[in-house]
Amino acid sequence: MRTVRTPASAARGGRALYELYRAASRAAAPAALLWRRLRGLEHPSRWPERLGRPSVARPRPGSPLVWFHAVSLGEGMAALPVVRHCARLHPGLPILLTTTTLSSFEVMKDLLPDGVIYQFAPLDCPDAIESFIGYWKPNLILLMESELWPNLILSAAEKGIAVVLLNARMSLKSFNRWSLPLGLQLVSLMLSKLSLVIPLSTIQAVRFQLLHAPPQIIHFAGDLKYAVGDIAAGEKEVAAIEDLQQQFSNRPIWMAASIHKGEDEIILRVHDELTRAYPTLLLILVPRHPEDSKNVSQTLKKQKVNFVLRSTREVVKGEYELLEALKQLLGDSRALEACQRAAKDAFSIMSDGVVNRVWNLVHPFTIGSQTDTCDSFSSS
(Lines give C-alpha, C1' and ligand atoms only; values in the text may rest on other atoms or scores of the structure.)
Protein backbone atom coordinates (compact mmCIF):
# COMPACT_ATOMS: atom_id res chain seq x y z
CA MET A 1 0.00 0.00 0.00
CA ARG A 2 1.40 3.38 -1.02
CA THR A 3 2.19 5.79 1.80
CA VAL A 4 0.56 9.21 1.47
CA ARG A 5 2.87 12.05 2.48
CA THR A 6 1.19 14.78 4.51
CA PRO A 7 2.24 18.44 4.14
CA ALA A 8 3.96 18.25 7.53
CA SER A 9 5.98 15.17 6.61
CA ALA A 10 6.86 16.69 3.23
CA ALA A 11 8.08 19.85 4.99
CA ARG A 12 10.21 17.77 7.35
CA GLY A 13 11.64 15.89 4.35
CA GLY A 14 12.43 19.17 2.59
CA ARG A 15 14.13 20.55 5.67
CA ALA A 16 16.23 17.38 6.05
CA LEU A 17 17.30 17.59 2.40
CA TYR A 18 18.17 21.25 2.86
CA GLU A 19 20.41 20.44 5.84
CA LEU A 20 22.24 17.88 3.66
CA TYR A 21 22.60 20.47 0.87
CA ARG A 22 23.77 23.07 3.37
CA ALA A 23 26.52 20.79 4.67
CA ALA A 24 27.57 19.68 1.17
CA SER A 25 27.70 23.25 -0.17
CA ARG A 26 29.84 24.39 2.76
CA ALA A 27 32.32 21.57 2.12
CA ALA A 28 32.40 21.98 -1.68
CA ALA A 29 32.59 25.78 -1.95
CA PRO A 30 36.39 26.26 -1.57
CA ALA A 31 37.18 23.62 -4.22
CA ALA A 32 34.47 24.94 -6.56
CA LEU A 33 35.80 28.49 -6.36
CA LEU A 34 39.39 27.35 -6.88
CA TRP A 35 38.34 25.31 -9.93
CA ARG A 36 36.57 28.33 -11.43
CA ARG A 37 39.57 30.58 -10.77
CA LEU A 38 41.97 28.13 -12.42
CA ARG A 39 39.71 28.05 -15.50
CA GLY A 40 39.66 31.84 -15.71
CA LEU A 41 35.95 32.05 -14.88
CA GLU A 42 36.40 34.46 -11.97
CA HIS A 43 37.58 38.07 -11.90
CA PRO A 44 41.33 38.09 -11.11
CA SER A 45 41.04 40.67 -8.31
CA ARG A 46 37.36 40.64 -7.33
CA TRP A 47 36.93 36.91 -6.70
CA PRO A 48 36.71 37.43 -2.88
CA GLU A 49 33.26 38.91 -3.53
CA ARG A 50 32.16 35.36 -4.35
CA LEU A 51 32.82 34.55 -0.69
CA GLY A 52 30.55 37.37 0.45
CA ARG A 53 33.39 39.82 1.06
CA PRO A 54 32.42 43.34 -0.13
CA SER A 55 34.74 45.46 -2.25
CA VAL A 56 32.88 48.72 -1.59
CA ALA A 57 31.23 50.31 1.41
CA ARG A 58 27.49 49.97 1.91
CA PRO A 59 25.85 53.38 1.43
CA ARG A 60 23.66 54.77 4.19
CA PRO A 61 24.10 52.01 6.80
CA GLY A 62 20.82 51.21 8.49
CA SER A 63 18.71 52.32 5.52
CA PRO A 64 16.66 49.95 3.31
CA LEU A 65 18.48 48.31 0.39
CA VAL A 66 17.11 46.44 -2.64
CA TRP A 67 19.21 43.58 -4.02
CA PHE A 68 18.77 42.43 -7.63
CA HIS A 69 20.49 39.15 -8.56
CA ALA A 70 20.94 37.78 -12.10
CA VAL A 71 23.18 34.89 -13.07
CA SER A 72 24.52 36.17 -16.40
CA LEU A 73 24.23 38.78 -19.13
CA GLY A 74 20.77 37.93 -20.46
CA GLU A 75 19.18 37.91 -17.03
CA GLY A 76 21.10 41.05 -16.07
CA MET A 77 19.79 42.87 -19.13
CA ALA A 78 16.25 41.77 -18.26
CA ALA A 79 16.69 43.18 -14.75
CA LEU A 80 18.02 46.51 -16.05
CA PRO A 81 14.64 48.19 -16.83
CA VAL A 82 13.40 47.45 -13.30
CA VAL A 83 16.69 48.61 -11.76
CA ARG A 84 16.42 51.89 -13.67
CA HIS A 85 12.75 52.27 -12.75
CA CYS A 86 13.55 51.73 -9.08
CA ALA A 87 16.48 54.19 -9.19
CA ARG A 88 14.33 56.81 -10.92
CA LEU A 89 11.49 56.54 -8.39
CA HIS A 90 13.84 56.35 -5.39
CA PRO A 91 16.98 58.42 -5.99
CA GLY A 92 18.03 57.96 -2.37
CA LEU A 93 17.45 54.22 -2.11
CA PRO A 94 20.60 52.03 -2.15
CA ILE A 95 20.34 49.47 -4.96
CA LEU A 96 22.66 46.50 -5.37
CA LEU A 97 23.00 44.34 -8.50
CA THR A 98 24.92 41.06 -8.53
CA THR A 99 25.77 38.65 -11.34
CA THR A 100 28.10 35.64 -11.49
CA THR A 101 29.82 35.75 -14.90
CA LEU A 102 32.67 37.84 -16.26
CA SER A 103 30.79 38.53 -19.50
CA SER A 104 27.89 40.08 -17.58
CA PHE A 105 30.32 42.17 -15.52
CA GLU A 106 32.04 43.59 -18.63
CA VAL A 107 28.73 44.80 -20.09
CA MET A 108 26.56 45.57 -17.06
CA LYS A 109 29.07 47.78 -15.21
CA ASP A 110 28.74 50.47 -17.89
CA LEU A 111 24.94 50.35 -18.14
CA LEU A 112 23.85 50.79 -14.53
CA PRO A 113 22.40 54.11 -13.33
CA ASP A 114 24.64 56.30 -11.20
CA GLY A 115 24.70 55.14 -7.61
CA VAL A 116 23.72 51.52 -8.28
CA ILE A 117 26.29 49.19 -6.71
CA TYR A 118 27.67 46.21 -8.62
CA GLN A 119 29.14 43.14 -6.91
CA PHE A 120 29.78 39.56 -7.93
CA ALA A 121 27.21 37.27 -6.32
CA PRO A 122 28.20 35.10 -3.37
CA LEU A 123 28.44 31.35 -3.85
CA ASP A 124 25.41 29.53 -2.49
CA CYS A 125 27.21 28.21 0.55
CA PRO A 126 26.21 29.12 4.13
CA ASP A 127 29.30 31.14 5.06
CA ALA A 128 29.30 33.27 1.88
CA ILE A 129 25.54 33.91 2.04
CA GLU A 130 25.59 34.80 5.74
CA SER A 131 28.55 37.14 5.22
CA PHE A 132 26.94 38.81 2.20
CA ILE A 133 23.49 39.29 3.73
CA GLY A 134 24.98 40.28 7.07
CA TYR A 135 26.98 43.09 5.45
CA TRP A 136 24.51 44.45 2.89
CA LYS A 137 21.36 43.83 4.98
CA PRO A 138 18.83 43.95 2.10
CA ASN A 139 15.16 44.20 2.92
CA LEU A 140 14.14 42.90 -0.52
CA ILE A 141 15.83 40.37 -2.80
CA LEU A 142 14.78 40.19 -6.46
CA LEU A 143 15.99 37.00 -8.16
CA MET A 144 15.88 36.83 -11.95
CA GLU A 145 14.31 33.93 -13.88
CA SER A 146 15.48 30.57 -12.51
CA GLU A 147 17.81 31.51 -9.66
CA LEU A 148 16.54 29.09 -7.01
CA TRP A 149 19.36 28.77 -4.49
CA PRO A 150 18.47 27.00 -1.22
CA ASN A 151 20.94 28.73 1.10
CA LEU A 152 20.12 32.19 -0.23
CA ILE A 153 16.33 31.76 -0.14
CA LEU A 154 16.08 30.02 3.24
CA SER A 155 18.61 32.29 4.92
CA ALA A 156 16.72 35.36 3.70
CA ALA A 157 13.40 33.89 4.83
CA GLU A 158 14.76 33.17 8.30
CA LYS A 159 15.77 36.84 8.58
CA GLY A 160 12.37 38.07 7.43
CA ILE A 161 13.66 39.36 4.07
CA ALA A 162 11.16 39.28 1.21
CA VAL A 163 12.32 37.25 -1.80
CA VAL A 164 10.74 37.76 -5.25
CA LEU A 165 11.31 35.72 -8.42
CA LEU A 166 11.09 38.02 -11.48
CA ASN A 167 10.62 36.79 -15.05
CA ALA A 168 10.29 33.37 -13.45
CA ARG A 169 10.95 30.46 -15.75
CA MET A 170 11.91 26.83 -15.49
CA SER A 171 13.07 24.67 -18.39
CA LEU A 172 11.37 21.35 -18.98
CA LYS A 173 14.60 19.59 -18.03
CA SER A 174 14.78 21.45 -14.70
CA PHE A 175 11.07 20.88 -14.08
CA ASN A 176 11.45 17.14 -14.59
CA ARG A 177 14.47 17.07 -12.27
CA TRP A 178 12.71 19.02 -9.52
CA SER A 179 9.60 16.84 -9.92
CA LEU A 180 11.47 13.75 -8.68
CA PRO A 181 10.49 12.82 -5.09
CA LEU A 182 13.60 14.20 -3.41
CA GLY A 183 13.81 17.28 -5.62
CA LEU A 184 10.12 18.08 -5.09
CA GLN A 185 10.51 18.22 -1.32
CA LEU A 186 13.41 20.68 -1.54
CA VAL A 187 11.97 22.93 -4.25
CA SER A 188 8.56 23.09 -2.57
CA LEU A 189 10.30 24.22 0.62
CA MET A 190 12.10 26.99 -1.31
CA LEU A 191 8.99 28.12 -3.18
CA SER A 192 7.02 28.28 0.07
CA LYS A 193 9.47 30.94 1.29
CA LEU A 194 8.99 33.27 -1.70
CA SER A 195 6.82 36.35 -1.35
CA LEU A 196 6.03 36.75 -5.05
CA VAL A 197 6.55 34.86 -8.33
CA ILE A 198 6.10 36.72 -11.64
CA PRO A 199 6.25 34.05 -14.39
CA LEU A 200 7.04 34.54 -18.06
CA SER A 201 3.94 32.69 -19.26
CA THR A 202 0.97 30.56 -18.29
CA ILE A 203 3.02 27.42 -18.93
CA GLN A 204 5.68 28.63 -16.53
CA ALA A 205 3.04 29.48 -13.92
CA VAL A 206 1.63 25.96 -14.19
CA ARG A 207 5.09 24.45 -13.70
CA PHE A 208 5.67 26.45 -10.54
CA GLN A 209 2.25 25.48 -9.19
CA LEU A 210 2.94 21.81 -9.91
CA LEU A 211 6.10 22.22 -7.83
CA HIS A 212 3.87 23.46 -4.99
CA ALA A 213 4.38 27.21 -5.26
CA PRO A 214 1.46 28.81 -3.37
CA PRO A 215 -1.06 29.96 -6.03
CA GLN A 216 -1.69 33.28 -4.27
CA ILE A 217 1.90 34.46 -4.80
CA ILE A 218 1.85 33.94 -8.61
CA HIS A 219 1.01 37.03 -10.66
CA PHE A 220 1.53 37.92 -14.33
CA ALA A 221 3.18 41.06 -15.73
CA GLY A 222 4.95 40.18 -19.01
CA ASP A 223 8.46 39.32 -20.20
CA LEU A 224 11.06 41.83 -19.01
CA LYS A 225 13.42 40.92 -21.85
CA TYR A 226 11.02 42.74 -24.17
CA ALA A 227 11.46 45.84 -22.02
CA VAL A 228 15.25 46.13 -22.35
CA GLY A 229 14.99 48.48 -25.32
CA ASP A 230 17.96 50.20 -26.94
CA ILE A 231 21.35 50.34 -25.28
CA ALA A 232 23.28 53.52 -25.91
CA ALA A 233 26.70 52.92 -27.47
CA GLY A 234 29.72 55.12 -26.77
CA GLU A 235 31.78 56.89 -29.42
CA LYS A 236 34.32 54.05 -29.65
CA GLU A 237 31.58 51.44 -30.06
CA VAL A 238 29.82 53.50 -32.74
CA ALA A 239 33.11 53.94 -34.64
CA ALA A 240 33.82 50.20 -34.41
CA ILE A 241 30.35 49.35 -35.72
CA GLU A 242 30.68 51.82 -38.61
CA ASP A 243 34.03 50.23 -39.47
CA LEU A 244 32.41 46.80 -39.48
CA GLN A 245 29.59 48.03 -41.71
CA GLN A 246 32.15 49.26 -44.26
CA GLN A 247 33.89 45.88 -44.14
CA PHE A 248 30.60 44.08 -44.69
CA SER A 249 30.20 45.94 -48.02
CA ASN A 250 26.42 45.51 -48.13
CA ARG A 251 26.71 41.74 -48.01
CA PRO A 252 23.74 39.81 -46.60
CA ILE A 253 24.32 38.98 -42.94
CA TRP A 254 22.78 36.70 -40.36
CA MET A 255 23.68 36.32 -36.70
CA ALA A 256 23.66 33.31 -34.39
CA ALA A 257 23.95 34.83 -30.91
CA SER A 258 24.28 33.31 -27.47
CA ILE A 259 25.03 29.83 -28.81
CA HIS A 260 25.96 27.00 -26.46
CA LYS A 261 28.64 24.35 -26.76
CA GLY A 262 27.99 22.07 -29.74
CA GLU A 263 25.51 24.40 -31.41
CA ASP A 264 28.25 25.96 -33.53
CA GLU A 265 28.45 22.76 -35.63
CA ILE A 266 24.72 22.92 -36.34
CA ILE A 267 24.93 26.61 -37.24
CA LEU A 268 27.83 25.92 -39.63
CA ARG A 269 25.83 23.24 -41.47
CA VAL A 270 22.95 25.69 -41.87
CA HIS A 271 25.36 28.37 -43.06
CA ASP A 272 26.83 26.00 -45.63
CA GLU A 273 23.37 25.37 -47.08
CA LEU A 274 22.50 29.07 -47.12
CA THR A 275 25.67 30.06 -48.97
CA ARG A 276 24.60 27.91 -51.90
CA ALA A 277 21.74 30.35 -52.48
CA TYR A 278 23.58 33.44 -51.17
CA PRO A 279 27.29 33.05 -52.00
CA THR A 280 28.35 36.27 -50.24
CA LEU A 281 26.42 35.56 -47.05
CA LEU A 282 28.28 36.46 -43.84
CA LEU A 283 27.63 34.78 -40.50
CA ILE A 284 28.29 36.54 -37.20
CA LEU A 285 28.72 33.88 -34.55
CA VAL A 286 28.47 34.94 -30.90
CA PRO A 287 29.22 32.25 -28.28
CA ARG A 288 27.16 32.59 -25.10
CA HIS A 289 30.29 32.26 -22.96
CA PRO A 290 33.53 34.00 -24.09
CA GLU A 291 35.56 31.13 -22.66
CA ASP A 292 33.99 28.88 -25.34
CA SER A 293 35.80 30.83 -28.07
CA LYS A 294 38.76 28.44 -28.10
CA ASN A 295 36.55 25.42 -28.74
CA VAL A 296 34.60 27.29 -31.42
CA SER A 297 37.83 28.31 -33.16
CA GLN A 298 39.03 24.70 -33.14
CA THR A 299 35.76 23.59 -34.71
CA LEU A 300 36.11 26.20 -37.46
CA LYS A 301 39.70 25.19 -38.19
CA LYS A 302 38.76 21.49 -38.24
CA GLN A 303 36.05 22.16 -40.81
CA LYS A 304 38.42 24.42 -42.78
CA VAL A 305 36.13 27.40 -42.54
CA ASN A 306 37.55 30.82 -43.30
CA PHE A 307 36.98 33.05 -40.31
CA VAL A 308 38.30 36.06 -38.46
CA LEU A 309 38.21 36.87 -34.77
CA ARG A 310 36.56 40.09 -33.70
CA SER A 311 38.74 40.11 -30.59
CA THR A 312 41.90 40.43 -32.72
CA ARG A 313 40.39 43.21 -34.88
CA GLU A 314 41.11 41.33 -38.10
CA VAL A 315 39.64 42.72 -41.30
CA VAL A 316 36.65 40.97 -42.83
CA LYS A 317 37.26 40.26 -46.52
CA GLY A 318 36.88 37.59 -49.19
CA GLU A 319 33.86 35.65 -50.36
CA TYR A 320 32.06 34.41 -47.28
CA GLU A 321 34.31 34.31 -44.25
CA LEU A 322 32.89 33.67 -40.85
CA LEU A 323 33.14 36.46 -38.30
CA GLU A 324 33.32 35.02 -34.81
CA ALA A 325 32.31 37.82 -32.49
CA LEU A 326 33.74 37.28 -29.06
CA LYS A 327 34.16 39.51 -26.01
CA GLN A 328 33.82 42.88 -27.70
CA LEU A 329 30.82 41.81 -29.75
CA LEU A 330 28.92 40.81 -26.62
CA GLY A 331 28.38 44.54 -26.38
CA ASP A 332 28.45 45.23 -30.11
CA SER A 333 25.65 42.76 -30.84
CA ARG A 334 23.23 44.82 -28.75
CA ALA A 335 24.16 47.94 -30.73
CA LEU A 336 23.94 46.10 -34.06
CA GLU A 337 20.50 44.78 -33.21
CA ALA A 338 19.47 48.31 -32.25
CA CYS A 339 19.51 49.19 -35.97
CA GLN A 340 16.12 47.49 -36.29
CA ARG A 341 13.76 50.43 -35.71
CA ALA A 342 10.56 49.35 -37.46
CA ALA A 343 8.45 48.70 -34.36
CA LYS A 344 10.16 51.04 -31.94
CA ASP A 345 7.10 53.12 -30.92
CA ALA A 346 4.87 50.11 -30.28
CA PHE A 347 7.73 48.33 -28.54
CA SER A 348 8.32 51.30 -26.24
CA ILE A 349 4.69 51.39 -25.14
CA MET A 350 4.68 47.63 -24.50
CA SER A 351 7.97 47.64 -22.57
CA ASP A 352 6.92 50.52 -20.32
CA GLY A 353 3.75 48.59 -19.51
CA VAL A 354 5.72 45.48 -18.52
CA VAL A 355 8.04 47.40 -16.19
CA ASN A 356 5.16 49.28 -14.57
CA ARG A 357 3.18 46.07 -14.00
CA VAL A 358 6.22 44.37 -12.49
CA TRP A 359 6.97 47.28 -10.21
CA ASN A 360 3.36 47.64 -9.06
CA LEU A 361 3.53 44.02 -7.91
CA VAL A 362 6.97 44.39 -6.32
CA HIS A 363 6.82 47.73 -4.52
CA PRO A 364 4.66 46.59 -1.54
CA PHE A 365 7.62 44.42 -0.50
CA THR A 366 10.29 47.10 -0.84
CA ILE A 367 10.62 49.57 1.97
CA GLY A 368 7.27 49.87 3.66
CA SER A 369 7.19 52.12 6.66
CA GLN A 370 10.98 52.47 6.90
CA THR A 371 11.30 55.01 4.13
CA ASP A 372 10.45 58.41 5.41
CA THR A 373 13.66 59.64 3.77
CA CYS A 374 12.67 58.40 0.32
CA ASP A 375 10.07 59.59 -2.12
CA SER A 376 6.83 57.63 -2.17
CA PHE A 377 6.47 54.97 -4.82
CA SER A 378 4.67 55.76 -8.03
CA SER A 379 1.97 53.35 -9.10
CA SER A 380 2.14 54.45 -12.72
Side-chain angles (χ1 to χ4, degrees), residues 5-15 17-18 21 64-71 75 78-79 81-83 85-86 98 124 129 133 138-172 174-179 183-227 353-370 377 379:
R5 294 185 63 86
T6 65
S9 63
R12 286 194 297 272
R15 173 59 65 171
L17 286 170
Y18 168 63
Y21 172 86
L65 180 143
V66 176
W67 172 18
F68 289 84
H69 171 62
V71 62
E75 294 83 358
V82 186
V83 171
H85 195 71
C86 179
T98 62
D124 193 54
I129 292 296
I133 292 180
N139 70 299
L140 173 65
I141 301 174
L142 299 160
L143 306 177
M144 294 302 300
E145 301 200 358
S146 54
E147 289 296 276
L148 294 174
W149 294 103
N151 285 316
L152 192 163
I153 292 173
L154 271 72
S155 177
E158 290 170 358
K159 294 174 175 57
I161 302 170
V163 181
V164 174
L165 193 61
L166 293 184
N167 244 34
R169 66 175 179 85
M170 182 171 292
S171 67
L172 181 58
S174 295
F175 173 76
N176 290 334
R177 185 175 64 247
W178 283 119
S179 296
L184 184 58
Q185 293 178 58
L186 181 56
V187 76
S188 62
L189 175 64
M190 285 192 289
L191 294 176
S192 72
K193 305 299 182 182
L194 298 181
S195 299
L196 177 66
V197 175
I198 304 179
L200 282 174
S201 64
T202 303
I203 292 176
Q204 296 296 336
V206 169
R207 287 178 182 170
F208 281 101
Q209 288 197 36
L210 290 174
L211 295 175
H212 300 173
Q216 67 272 16
I217 71 170
I218 299 176
H219 297 273
F220 294 93
D223 189 345
L224 283 169
K225 287 187 176 179
Y226 290 120
V354 171
V355 174
N356 288 331
R357 287 193 296 273
V358 167
W359 193 247
N360 287 341
L361 290 168
V362 166
H363 79 74
F365 301 99
T366 49
I367 22 184
S369 60
Q370 305 177 60
F377 281 92
S379 60

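Side-chain atoms are counted along with the backbone in the values below, which use heavy atoms only and exclude waters and symmetry mates.
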Given Asp124, Leu143, Ile129, the one that forms side chain to side chain contact (heavy atoms under 4.5 Å, CB included) with Trp149: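 When side chain to side chain contact (heavy atoms under 4.5 Å, CB included) is applied between Trp149 and each of Asp124, Leu143, Ile129, only Asp124 qualifies.
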Using 0.5 Å steps for rounding, measure from the [atom1] atom of [X] to the [atom2] atom of [Y].
X      : Y      : atom1 : atom2 : value
Phe220 : Arg357 : CZ    : CZ    : 12.0 Å
Tyr21  : Leu154 : OH    : CG    : 10.5 Å
Ile153 : Ile141 : CD1   : CD1   : 9.0 Å
Arg15  : Gln185 : CZ    : CD    : 13.0 Å
His69  : Leu152 : NE2   : CG    : 7.0 Å

Beyond-backbone contact of [X] with [Y], side-chain heavy atoms, under 4.5 angstrom:
X      : Y      : answer
Ser195 : Ile217 : no
Ser192 : Leu189 : yes
Leu140 : Val362 : yes

Set of residues satisfying ring-ring contact (aromatic ring centres under 6.0 Å, His included) with respect to Trp178, sequence neighbours excluded: none
Minimum heavy-atom distance between Pro199 and His219, given as atom pair plus value: CD-O, 3.0 Å
Shortest non-hydrogen contact between Pro138 and Ile133, atoms and distance: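 Heavy atoms of Pro138 and Ile133 come nearest at CD-O, 3.9 Å.
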Result block: side-chain N/O donor-acceptor pairs under 3.5 angstrom for residues 206-216, not counting sequence neighbours:
{"from": "Arg207", "atom 1": "NH1", "to": "Met170", "atom 2": "O", "distance (Å)": "2.6"}

Could you pull out all donor-acceptor pairs under 3.5 Å where a side-chain atom in residues 156-169 meets a protein atom, sequence neighbours excluded?
{"from": "Lys159", "atom 1": "NZ", "to": "Glu130", "atom 2": "OE1", "distance (Å)": "2.8"}
{"from": "Lys159", "atom 1": "NZ", "to": "Glu130", "atom 2": "OE2", "distance (Å)": "3.2"}
{"from": "Lys159", "atom 1": "NZ", "to": "Ser155", "atom 2": "OG", "distance (Å)": "3.1"}
{"from": "Asn167", "atom 1": "OD1", "to": "Leu224", "atom 2": "N", "distance (Å)": "2.8"}
{"from": "Asn167", "atom 1": "ND2", "to": "Asp223", "atom 2": "OD1", "distance (Å)": "3.0"}
{"from": "Arg169", "atom 1": "NE", "to": "Glu145", "atom 2": "OE1", "distance (Å)": "2.5"}
{"from": "Arg169", "atom 1": "NH2", "to": "Glu145", "atom 2": "OE1", "distance (Å)": "3.3"}

Steps toward side-chain contact (heavy atoms from CB on, under 4.5 Å) verdict (Val83, Leu142): CA-CA 10 Å; Val83 171; Leu142 299 160; over 6 Å; no
